[in-house]
Amino acid sequence: MRYWWVNHSKTYRQEIDGGYIWSPKRESNGTRSQFYDNLRIAAPGEPIISYAKGNIIDIGRVSDFSFTAMKPTEFGGTGKNWNPEGWLLPVSWSRVAKPIRIDSLILGLRPLLPEKYSPFDRTGRGAQKAYLTEISKIAFDFVSSSSGFDKMLENDFINETRSDEFVVKEENKLEHDLECDESLSTTERYQLILARKGQGIFRKNVASIESMCRITALKTPTLLIASHIKPWRLCSNSLERLDGNNGLLLAPHADLLFDRGYISFDNDGTPIFSGKISENDLMLLGLKRTPLAPPLAFSPKQIPYLDYHRSCVFLL
DNA sequence: GTTTGCGCTCC
DNA sequence: GGAGCGCAAAC
């Protein structure tokens, strides 16, 4: 169990109301940031303290693993120079009974914060580049006991917002945009929308390249789902959305796990299972039995899509 | 006035 | 690559 602290900047309101935190994947100059990478590390159930404008007003719990998502439209002009591709981490937020001024805590809290990647600088000012920072249990308990929100975290989080809800929202918006896109022909629009569900031309294109589920060896066409390797919502154009090389035929449960990043593949066709899913669950799903489908190497045209899946969808 | 953003420097 | 500083900008 890890404990987290987030320094919201101008997007405090949007993130609390929306039930998430979002960061770019990279700094605007392209370099990595530990504060951004932390969104990939946070796991469901872990607590987060929200800090903004000198106050702790909200406390949250991570409600699902982070996933690749474009900068939320509700940010508007804020964060114009942030990279648009980022991580979205679903968080279930609750308001604390009484907001806490940071000034009343900082003297006691400062010595409990990490030397590196601290959310505050030595003078007690919010650290400029800090976003999501990991704090110790001791630091978390200190804030928690000073403010009496310990029991707010005891409730079950199983019904809280999952990544799927954000994904569906994003897809619906994109679909609406596609319907209104005058630069596309009617049939093209129709096919792109069918492709979202793995139907139409896209499925036909995939079926000409793939013949069975690469996880379960299932071959029955009526049971196989045509799944995008690079997710439909993240494709940059019509070509990627309809390209058969950007698809796999998967059994329904394998499709869901592939979609959510629990499964990916090496270029030689060997399945990779994420450490974020237990061996026992994989066994219960019948995905860890031997022998699986024999690995079949991917073609050079499929590999860029797989690279994308491993780096942007697969759960590390 | 208070908090945040950005560019710069230092190690 | 991370931290600190000063000043500008935003609220």
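Below, read A as the first sequence line, B as the second, and so on, with proteins coming before strands; counting in each chain starts at 1. In this text, all values refer to a predicted model and were calculated from it rather than measured experimentally. Worth knowing before you read on, the calculation uses all heavy atoms, side chains too, and leaves out hydrogens, waters and symmetry mates.
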From the set dG2(C), dT4(B), dC5(C), return the single nucleotide nearest to any side-chain atom of Tyr117(A). dG2(C)
Would you say Arg101(A) reaches dT2(B)'s phosphate, i.e. side-chain N/O to OP1/OP2 under 4.0 Å? no
Which is true for Glu27(A) with a 4.0 Å heavy-atom rule: it touches a base, it touches only sugar-phosphate, or it touches nothing? nothing
Whole-Å gap separating P (dG4(C)) and CZ (Phe120(A)): 13 Å
Option passing ring-ring contact (aromatic ring centres under 6.0 Å, His included) with Phe35(A) (candidates Tyr117(A), Tyr131(A), Trp87(A)): Tyr117(A)
Can you check the Gln34(A) CD to dG2(C) P distance for me, whole Å? 7 Å
Looking at Phe298(A), is Arg214(A) sitting on its ring face, NZ or CZ under 6.0 Å from the six-membered ring centre and within 45 degrees of the normal? yes
Respond yes when some side-chain nitrogen or oxygen of Ser9(A) is under 4.0 Å from OP1 or OP2 of dG5(B), and no when none is. yes
Closest-nucleotide ordering on DNA chain C, the 5'-leading residue of Phe35(A) and Arg125(A): Phe35(A)
Among Phe142(A), Phe120(A), Phe140(A), exactly one meets ring-ring contact (aromatic ring centres under 6.0 Å, His included) together with Trp5(A). Which residue is that? Phe120(A)
Does Arg32(A) place a side-chain N or O at less than 4.0 Å from the phosphate oxygens OP1/OP2 of dG1(C)? no
Gap between atoms CZ and P, on Arg13(A) and dC11(C) respectively (whole Å): 15 Å
Suppose we call two aromatic rings close when their centres sit under 6.0 Å apart. Are Phe265(A) and His309(A) close by that rule? no
In whole Å, I'd like the distance from the NZ atom of Lys80(A) to the C1' atom of dG5(B). 13 Å
Starting at CG of Asn7(A) and ending at P of dT3(B), how long is that distance when rounded to a whole Å? 13 Å
Whole-Å distance separating the CG atom of Asp121(A) from the P atom of dA3(C): 10 Å
Salt bridge between Asp164(A) and Arg162(A), side-chain N to carboxylate O under 4.0 Å? no
d(NZ, Lys129(A); C1', dG5(B)) in whole Å: 9 Å
Mind calculating the distance between NZ (Lys10(A)) and P (dA10(C)) to the nearest angstrom? 6 Å
